[in-house]
Number of protein chains: 2
Amino acid sequence: MDRFLSNAVNRIDAKGRVSVPAHFRAVLQKRGYQELYALGALDVPAVDMGGLDLLDRYEARIGAEDPFLQAADDMSFFCHGDGAFVKVDTEGRMTVPDFIREHTGITTEVAFVGRGQFFQVWEPGRFASHRHEVRARLLKLRQELSAQTRALDPSGGVA
Amino acid sequence: MDRFLSNAVNRIDAKGRVSVPAHFRAVLQKRGYQELYALGALDVPAVDMGGLDLLDRYEARIGAEDPFLQAADDMSFFCHGDGAFVKVDTEGRMTVPDFIREHTGITTEVAFVGRGQFFQVWEPGRFASHRHEVRARLLKLRQELSAQTRALDPSGGVA
DNA sequence: CCAATTCCCATTGACGCCCATGAAGTCCCA
DNA sequence: TGGGACTTCATGGGCGTCAATGGGAATTGG
């Protein structure tokens, strides 16, 4: 297994630590990352987390912009100033920093959600809501499309 | 880690000193700089700080300009005349000079903001405001772009 | 000689490292 | 196929180390 998949909810202990799911840790180790890069998502109360490759991808994107325009400055301010490194201890736990709690609303439990090349952390309740929203949007999209084409439904369907 | 990342707010003591975040100090040491070069940002109430390489980059930028144009003269006047060196003591603290206080509005607390190749100092309140502005601009930019490309979304995904 | 700055030491609070415990899952064997 | 032993993992807590901060002493410059 080489990508972040499925989801799990873990509890934050009295010292503010939470176990990163063993499966995610295995992916990180396989890719050679001991430290996590974390960045609050733009439009949802979630924080994206992943290896340094996540930051590299943002920096590559910045490199494509004219460095004297505001867009490049904004992007750097966002991914460097708003991002952070998060350490994972020898037991596979990370301490949840304040900016993650503020951005996500996390207090006592953390929902880890695999996203392929990275994963997200959510407040469990908000994650459940968002999941339903996404499902509803996809269902609607599929119904709209199937009136014209079967593109989203190669065999039995997405849902 | 070899770049300035994440942000932290530290307090100025009675003598006007403030601790440079340990992570930033580690980056400076790795690059071999004991002294900081500081220059007030043009369009925001922040001061850019970094090693001598920061000044080098500014000078390289000046060198790219036609020396007969006023722009080159202005740039040189600005980054040499308005820039300053800031010392870091044995404890990793710097004294906040007056021009930084005036340009940023800093009084009792300093927000250190990583920017990759350099970092910035802000008054914490203004930093928070600017952060929200940047996020709003990027969100808008992303929505405009997503009609054509998913470049800002590392997943390239639906959500 | 005074004032500002720098160096040194002390405190405290946060964080990383270690060990322990209990629950859940897996594998093997009868 | 069912049960038991082993492994893995999430979680809790003690302890040492380091960083941020405060204050005093020494040094330097005007």
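Treat the numbers as computed from the prediction; the structure is a model and nothing was measured. Here is how names work: the chains are called A, B, and so on, in the same order as the sequence lines, proteins then strands, and each is numbered from 1.
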Output a table of donor-acceptor pairs, distance under 3.5 Å, between side-chain atoms of residues 70-82 of chain A and any protein atom two or more places apart or on a different chain; print 'none' if there are none.
{"residue": "A:Gln70", "atom": "OE1", "partner": "B:Arg137", "partner atom": "NE", "Å": "3.4"}
{"residue": "A:Asp73", "atom": "OD1", "partner": "B:Arg115", "partner atom": "NH2", "Å": "3.1"}
{"residue": "A:Asp74", "atom": "OD1", "partner": "B:Arg137", "partner atom": "NH2", "Å": "3.0"}
{"residue": "A:Asp74", "atom": "OD2", "partner": "B:Arg137", "partner atom": "NE", "Å": "2.6"}
{"residue": "A:Asp74", "atom": "OD2", "partner": "B:Arg137", "partner atom": "NH2", "Å": "3.4"}
{"residue": "A:Ser76", "atom": "OG", "partner": "A:His80", "partner atom": "ND1", "Å": "3.1"}
{"residue": "A:Ser76", "atom": "OG", "partner": "B:Arg115", "partner atom": "NE", "Å": "2.9"}
{"residue": "A:Ser76", "atom": "OG", "partner": "B:Arg115", "partner atom": "NH2", "Å": "3.2"}
{"residue": "A:His80", "atom": "ND1", "partner": "A:Ser76", "partner atom": "O", "Å": "3.3"}
{"residue": "A:His80", "atom": "NE2", "partner": "A:Glu59", "partner atom": "OE2", "Å": "2.8"}
{"residue": "A:Asp82", "atom": "OD1", "partner": "B:Arg131", "partner atom": "NH1", "Å": "2.5"}
{"residue": "A:Asp82", "atom": "OD2", "partner": "B:Arg135", "partner atom": "NE", "Å": "3.0"}
{"residue": "A:Asp82", "atom": "OD2", "partner": "B:Arg135", "partner atom": "NH2", "Å": "3.2"}

Discussion item. Nearest whole Å is fine: how far is C:dG22 C1' from A:Asp13 CG?
Written reply: 16 Å
Worksheet, complete the sentence: Between A:Pro45 and A:Arg126 the two heavy atoms that sit nearest each other are CB-NH1, 3.4 Å
Discussion item. Less than 4.0 angstrom from a charged side-chain N to a carboxylate O is my criterion; do B:Asp53 and B:Arg31 meet it?
Written reply: yes
Discussion item. So which atom in B:Met94 and which in B:Val20 form the shortest heavy-atom distance, rounded to 0.1 Å?
Written reply: CG-CG2, 3.8 Å
Fill in: Proximal nucleotide (of D:dG12, D:dG13, D:dA20) relative to the A:Lys15 side chain
D:dG13
Worksheet item: Contact class for A:Thr95 (heavy atom, under 4.0 Å): base, sugar-phosphate, or nothing?
Response: sugar-phosphate
Item to complete: Identify the heavy atoms of A:Ala38 and A:Phe99 that sit nearest to each other, and give their distance.
Response: CB-CZ, 4.1 Å
For nucleotides 18-21 of chain C, list the nitrogen or oxygen atoms of the protein found under 3.5 Å from its nitrogen or oxygen atoms, one pair per line.
{"residue": "C:dC19", "atom": "N4", "partner": "A:Glu91", "partner atom": "OE2", "Å": "3.3"}

Item to complete: Would you mind reading off the distance between A:Glu35 atom CD and C:dG16 atom P, rounded to a whole angstrom?
Response: 10 Å
Practice prompt. Return the orientation label for the A:Phe127 and A:Trp122 ring planes: parallel under 30°, perpendicular over 60°, tilted otherwise.
Written response: tilted
Item to complete: Would you mind reading off the distance between B:Phe24 atom CZ and D:dA19 atom P, rounded to a whole angstrom?
Response: 15 Å
Discussion item. Counting only heavy atoms from other residues, nucleotides and ligands, does the tally under 6.0 Å from CD of A:Gln29 exceed 12?
Written reply: no
Worksheet item: Rounded to the nearest Å, what distance is computed from the CD atom of residue A:Glu109 to the P atom of nucleotide D:dA10?
Response: 14 Å
Discussion item. Rounding to an integer number of Å, can you tell me how far A:Arg11 CZ sits from D:dT11 P?
Written reply: 7 Å
Item to complete: Report the distance from atom NZ of A:Lys87 to atom P of D:dT17, rounded to the nearest whole Å.
Response: 17 Å
Fill in: Whichever of B:Ile12 and A:Arg25 has its nearest DNA chain D nucleotide further upstream toward 5'
A:Arg25
Worksheet, complete the sentence: Assert: residue with more 5' nearest nucleotide on DNA chain D, out of B:Pro21 and B:Ala14, is B:Pro21
Discussion item. What is the separation between atom NE2 on B:His23 and atom P on C:dG16, rounded to the nearest whole Å?
Written reply: 13 Å
Worksheet entry | Inter-end axis angle, the helix from C:dC1-D:dG30 to C:dA30-D:dT1, with every axis fitted to five base pairs (rounded, 10 degrees) | 30°
Worksheet entry | Residue pair A:Leu39 / A:Leu54, side-chain heavy-atom distance below 4.5 Å | no
Item to complete: Classify the ring geometry between A:Phe24 and A:Phe119 as parallel (under 30°), tilted (30 to 60°) or perpendicular (over 60°).
Response: tilted
